[in-house]
Amino acid sequence: MEYNSKEIEKKWQDYWKENDSFEPSEDFTKEKKYILSMFPFPSGRLHMGHVRNYSISDAFARFHRQQGKNVLHPIGFDSFGMPAENAAIKNNANPKTWTYDNIDYMKNEFYSLGFSFSRKREMATSDELYTKFEQAFIIDMYEKGLLYREKGLLNWCPHDQTVLANEQVIDGCCWRCDTPVVKKDMNQYYFKITKYADELLDDLKKLEGGWPKQVLTMQDNWIGKSNGLAFDLFFDESSHAKLNEQFKSFDVFTTRPDTVYGVSYTALAPEHAIVTYMIENNLLSDEIIVEIKKMKTTSSIDRQKEKSGIPLGLNVIHPLTGKSIPVWIANFVLMDYGSGAVMAVPAHDDRDFDFAKKYDLEIKLVIKPFDGKAEDGKAYTEVGELFNSGEFDGMNSKKSQYNIIKYFEEKNIGKKTTNYKLKDWGVSRQRYWGTPIPFIHCEDCGLVMEKKENLPIALPDDVEITGEGNPLDNHPTWKHCKCSVCGKDAIRETDTMDTFVESSWYFLRFCASPENMQDEAFSAEQIKYWMGVDNYIGGIEHAVLHLLYARFFTKVFRDLGYLDFDEPFDNLLTQGMVLKDGSKMSKSKGNTVDPDEIIEKFGADTARLFILFAAPPTQELEWNDSGVEGSHKFIKRFFDRSSNIVACESIPKIAHAELSKDEKFARKKVYEALVRANDVYNEKFTFNTLIAGTMEAMNALNAQSNSDVWSEGYWILASIMEPIIPHVACEISEKYFSLNNLTKQIILDEVFVEDSITLGVSINGKRRAEIEVAVDESKENIITLAKEKTAKWLENKEIVKEIVVPKKLVNIVVKG
RNA sequence: GCGGAUGUGGUGAAAUUGGUAUACACGCCAGACUUAGGAUCUGGUGCCGCAAGGCGUGGAGGUUCAAGUCCUCUCAUCCGCACCA
């Protein structure tokens, strides 16, 4: 019978569906595995990145099921978000219809690839039920003080017409559409992720070993913790008077308190409150105001090109020396880090140095290298010896930091301070297709929460999406409601949630009990059993975004009493991108390969095999059409050669000693593949080498003709390949083994016992010959034999040393 | 600039962690079967050389009996962060 992927794959997909083959057991005494791929956005069709992602998780899931574990391998859709609205604007479609049509289509694609998902736990985050639970959590978080509303300077994407969180601005541009982001002053809801900054940072240690180092580093950098000294710089009397006595001082932060005696000027961000006050109260000339405004409206990218500044005509007093120091505005001072003001030490900071050179400001040295002189023409930023630093002269600059901070604290003029790069997470979006934020604006009561019993606050279906303004705000009736406190007419919040909120807890939602899904977001009992996720698989692009938010939510949910662990994902595998012709597959480049076409032409098993064979999962994968055909050929051979099997209900017993050399070799190769399978599925994840091992075993089986060896070989190979090519493996397994082989396989040590072994013989480390010896051959005999074989290279040489590495090689060292 | 990763045949990639470099596959070459082959099967295939032999894991050194693997320096590519005070 010829291999027919369509027939076989349909048969098994129907079988799995009818038999609920992949529903996890409710027996919580069993050992569990929670295998999860990052869920997809329902963009319309699957792409190869999805196929790769789920082929990896499916291989894990199926392997662990074979091992007798209770496996949760769920699927859902991250179905809120801008593309649904953009499609609506473009095609005049309804975002909801568009989204759910896509979900249906993609679900079919998933099942046509044979992925072993729990169907009972399927969900989409735009489901009203999901919205209901999420809104309840939002209210909980507000009550805990973890959500607040504030006016601020925000990242605004002019294309998507919405604000973005800091994490969502990549190189000054919108993460989704690449439009340069501008600053806009508006109201916004924030999650207080900064409250968890230290814990998010410290707990990265718990993830070491389970997460790629790179991701841990990226999160560490993003949180950006730095310790230092904060102190006030006081204006002198005339400056104080100039500012109408409104400002006595401003606050600066430094990580280099050791350089404090070298401060020769100080700089404010152009957005600083003092600058704003001076502009508003006409304390600056018109030309200067124009210059400041220009500085403020320059994009962050342009602002980085060259340092520029403006003297404000104000002076502050150095807190230790009492000297007068000029105050400048500088474009390189960031308003949203620290206090938006810096002390400048040009002698020991590159930026301050550049600025001082440009404006000819004083450069005061206070640290010198231990061995004498510093290089001219640049700042000396290394550790050294303090001088010009009062009572700290002669100290090691690094060590003096502690003392100087202590000195400031004793004199009560400054204190030890920690700063973070991480900002609170701005979560409101001025768009329609998202979770409505469950708040109400009441004239009398102010901002109040919706009552939990009124949830969900669902989106209206009859909405006009034009791309202009906020559709919920423009809707004629939706926003009108009653105040949840006083009952008077009030206005609903029309902003919706950032969709990263939904993906911050979906992995918990999969821990709902299927019987109770309507009533609870997740079951405490199931959470306790299933979490954390044993293998989480997804793209590196979420290293800071989703993965940071999800960690934050987990800690919040813990503090809300919903769960009792700190980290959601025990092990993270970041898969590489799928490339074609050297670059990432994308519609705009026209280098995409449609999974549906591959399934149609070769079948799902071929697609899965190729994708796992062509590269290890963490590396980039170059798509290669003839490589796909090669994978298809292997599957055909695998299927065709199964005719050598003699059907059996259990693994054949074989008398190893009586076999021929080829037969023994074939068995060895089969069991080597089995050993490798355990290794790969449990820790190494290099499916490519497992597949190669299977191919070697197949080649070795084919070089012999013992039907018991064939049957045993297939018993094992079909079992270890089932996670990768499940349809054809099940077909073979059913036909010959009544599916009995799809379980944990026993490794027989006897097949690895060798009668004789081949040793390489090297002269001076250069391989010259090989010899075959008995396993227990004596060292003397091995050396004698090795010398015979290499006599040619030993002539007229003096043998200096003879090394025998057991079971590996012989090395003879000669001289002359 | 800072941090991280990677560099092995014509190509995708292996190498049990210091022990026979290039497994497995693609491609290519030859042969078999065939009316035919873009099907299937068999064999070959790191580079130079007629050969003996030599060279060979980005490059240069080093440690070692032995280095793709360890150390020092260096080059290239990719990724992340990027005036964070």
Side-chain angles (χ1 to χ4, degrees), chain A residues 170-172 212-218 220-222 224-226 228-230 252-256 259 266-267 269 300-301 303-307 330-334 336-345 349-352 354-355 419-422 540-541 543-544 576-577 579 609-610 613-616 618-631 633-634 636-637 640 672 675-676 679 686 688-699 702 758-771 792 800-814:
Chain A
I170 314 290
D171 292 335
K213 243 185 161 162
Q214 194 196 162
V215 176
L216 297 176
T217 310
M218 284 168 79
D220 192 322
N221 290 342
W222 189 262
K225 181 175 182 171
S226 53
L229 167 72
V252 292
F253 171 73
T254 180
T255 54
R256 292 292 306 273
T259 65
T266 144
S300 63
I301 299 164
R303 209 163 131 174
Q304 275 180 46
K305 283 182 185 150
E306 205 196 335
K307 290 186 177 40
N331 69 342
F332 68 89
V333 180
L334 305 174
D336 52 11
Y337 184 77
S339 59
V342 299
M343 64 173 220
V345 187
D349 181 287
D350 294 323
R351 297 153 302 179
D352 298 345
D354 293 345
F355 193 84
N419 252 311
Y420 299 88
K421 206 185 93 165
L422 181 72
I540 186 83
E541 65 272 21
V544 260
M577 285 191 303
L579 311 178
L609 181 68
F610 171 73
F613 181 51
T618 51
Q619 261 178 54
E620 287 177 341
L621 181 145
E622 174 73 30
W623 190 265
N624 178 314
D625 290 329
S626 36
V628 177
E629 278 174 42
S631 292
K633 277 187 206 168
F634 171 77
K636 276 205 283 199
R637 272 200 301 274
D640 290 344
E672 274 176 6
V675 169
R676 196 177 275 185
D679 240 32
T686 48
N688 52 330
T689 62
L690 166 59
I691 295 164
T694 304
M695 287 172 170
E696 282 181 61
M698 278 291 289
N699 293 343
N702 203 44
T758 307
L759 300 179
V761 182
S762 301
I763 309 297
N764 287 346
K766 201 83 192 156
R767 185 174 172 272
R768 295 299 181 188
E770 61 183 36
I771 53 172
K792 186 177 165 185
V800 180
K801 204 168 181 182
E802 290 155 346
I803 294 146
V804 177
V805 183
K807 293 179 186 170
K808 299 277 186 190
L809 53 73
V810 180
N811 191 19
I812 301 172
V813 185
V814 297

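Protein chains get the first letters and strands the later ones, always in sequence-line order, with residue 1 at the start of each.
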What's [X] touching, base or sugar-phosphate or nothing? Going by heavy atoms closer than 4.0 Å.
X	answer
Q304(A)	base
E802(A)	nothing
N699(A)	sugar-phosphate
S762(A)	nothing
E620(A)	sugar-phosphate
D640(A)	nothing
V800(A)	nothing
V805(A)	base
K633(A)	sugar-phosphate
Y420(A)	nothing

Less than 4.0 angstrom between a side-chain N/O of [X] and OP1 or OP2 of [N], yes or no?
X	N	answer
N221(A)	G4(B)	no
N811(A)	G19(B)	no
Q214(A)	A5(B)	no
T686(A)	A14(B)	no
K421(A)	A82(B)	yes

Find the partner of [N]: check Watson-Crick (N1-N3 plus N6-O4 or O6-N4) and G-U wobble (N1-O2, O6-N3) distances, both under 3.5 Å, and reply none if neither fits.
N	value
A85(B)	none
C2(B)	G80(B)
C55(B)	G46(B)
U64(B)	none
A36(B)	none
G9(B)	none
C41(B)	G31(B)
G18(B)	none

Sub-3.5 Å donor-acceptor pair from the side chain of [X] to the main-chain atoms of [Y], do we have one?
X	Y	value
N331(A)	E306(A)	yes
N419(A)	S226(A)	no
T686(A)	N688(A)	no
R767(A)	G760(A)	no

Mind checking the [atom1] distance from [N] to [M]? Whole angstroms is fine.
N	M	atom1	value
A13(B)	G27(B)	C1'	14 Å
C73(B)	U63(B)	C1'	15 Å
A39(B)	G46(B)	C1'	30 Å
C24(B)	A15(B)	P	14 Å
U77(B)	U45(B)	P	36 Å
U16(B)	C75(B)	P	30 Å
G44(B)	U17(B)	P	30 Å
G68(B)	G56(B)	C1'	11 Å

Where the side chain of [X] is concerned, which of [options] is the nearest nucleotide?
X	options	value
A614(A)	G12(B), C24(B), A85(B)	G12(B)
V813(A)	A13(B), U42(B), C65(B)	C65(B)
S226(A)	G12(B), A85(B), A15(B)	A85(B)
R767(A)	U40(B), G12(B), A21(B)	A21(B)
L334(A)	C26(B), C65(B), A85(B)	A85(B)
F332(A)	A14(B), C83(B), G27(B)	C83(B)

Whole-Å distance separating the [atom1] atom of [X] from the [atom2] atom of [N]:
X	N	atom1	atom2	result
D336(A)	A85(B)	CG	C1'	13 Å
K808(A)	A21(B)	NZ	P	12 Å
L690(A)	A14(B)	CG	P	13 Å
E672(A)	C24(B)	CD	C1'	13 Å
E696(A)	U16(B)	CD	C1'	13 Å
M218(A)	G80(B)	CE	P	7 Å
L609(A)	A25(B)	CG	P	12 Å
K213(A)	G3(B)	NZ	P	14 Å

Begin with the C-alpha distance, continue with both residues' side-chain angles, and end with the deciding distance and a verdict on side chain to side chain contact (heavy atoms under 4.5 Å, CB included) for Y337(A) and V342(A). CA-CA 10 Å; Y337(A) 184 77; V342(A) 299; over 6 Å; no
Could you give me the CA-CA distance, side-chain angles and deciding distance for I540(A) and Q214(A), then say whether side chain to side chain contact (heavy atoms under 4.5 Å, CB included) is met? CA-CA 9 Å; I540(A) 186 83; Q214(A) 194 196 162; 3.9 Å; yes
Stepwise, does the side chain to side chain contact (heavy atoms under 4.5 Å, CB included) test hold for L809(A) with L759(A)? CA-CA 5 Å; L809(A) 53 73; L759(A) 300 179; 5.5 Å; no
In terms of the nearest nucleotide of RNA chain B, which residue is placed more toward the 5' end: L621(A) or K766(A)?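 By nearest-heavy-atom nucleotide position, the 5'-most residue is L621(A).
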Select from R768(A) and S339(A) the residue whose nearest nucleotide in RNA chain B is closer to the 5' end of that strand.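 Checking each residue's closest nucleotide, the 5'-ward one belongs to R768(A).
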Report the glycosidic orientation of U64(B): syn if within 90° of 0, anti in every other case.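 What U64(B) shows is an anti base, its glycosidic angle lying more than 90° from 0.
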For G62(B), does the glycosidic angle fall within 90° of 0 (syn) or outside that (anti)?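 Chi for G62(B) falls in the anti range.
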Taking the six-membered ring of F332(A) as reference, does the NZ or CZ atom of K307(A) fall below 6.0 Å from its centre and within a 45° cone about the axis? yes
Please determine whether side chain to side chain contact (heavy atoms under 4.5 Å, CB included) holds for the pair V810(A) and I812(A), giving the CA-CA distance in whole Å, both sets of side-chain angles, and the decisive distance to 0.1 Å. CA-CA 7 Å; V810(A) 180; I812(A) 301 172; 4.2 Å; yes
Result of checking T254(A), D352(A), D349(A) against M343(A) for side-chain contact (heavy atoms from CB on, under 4.5 Å): T254(A)
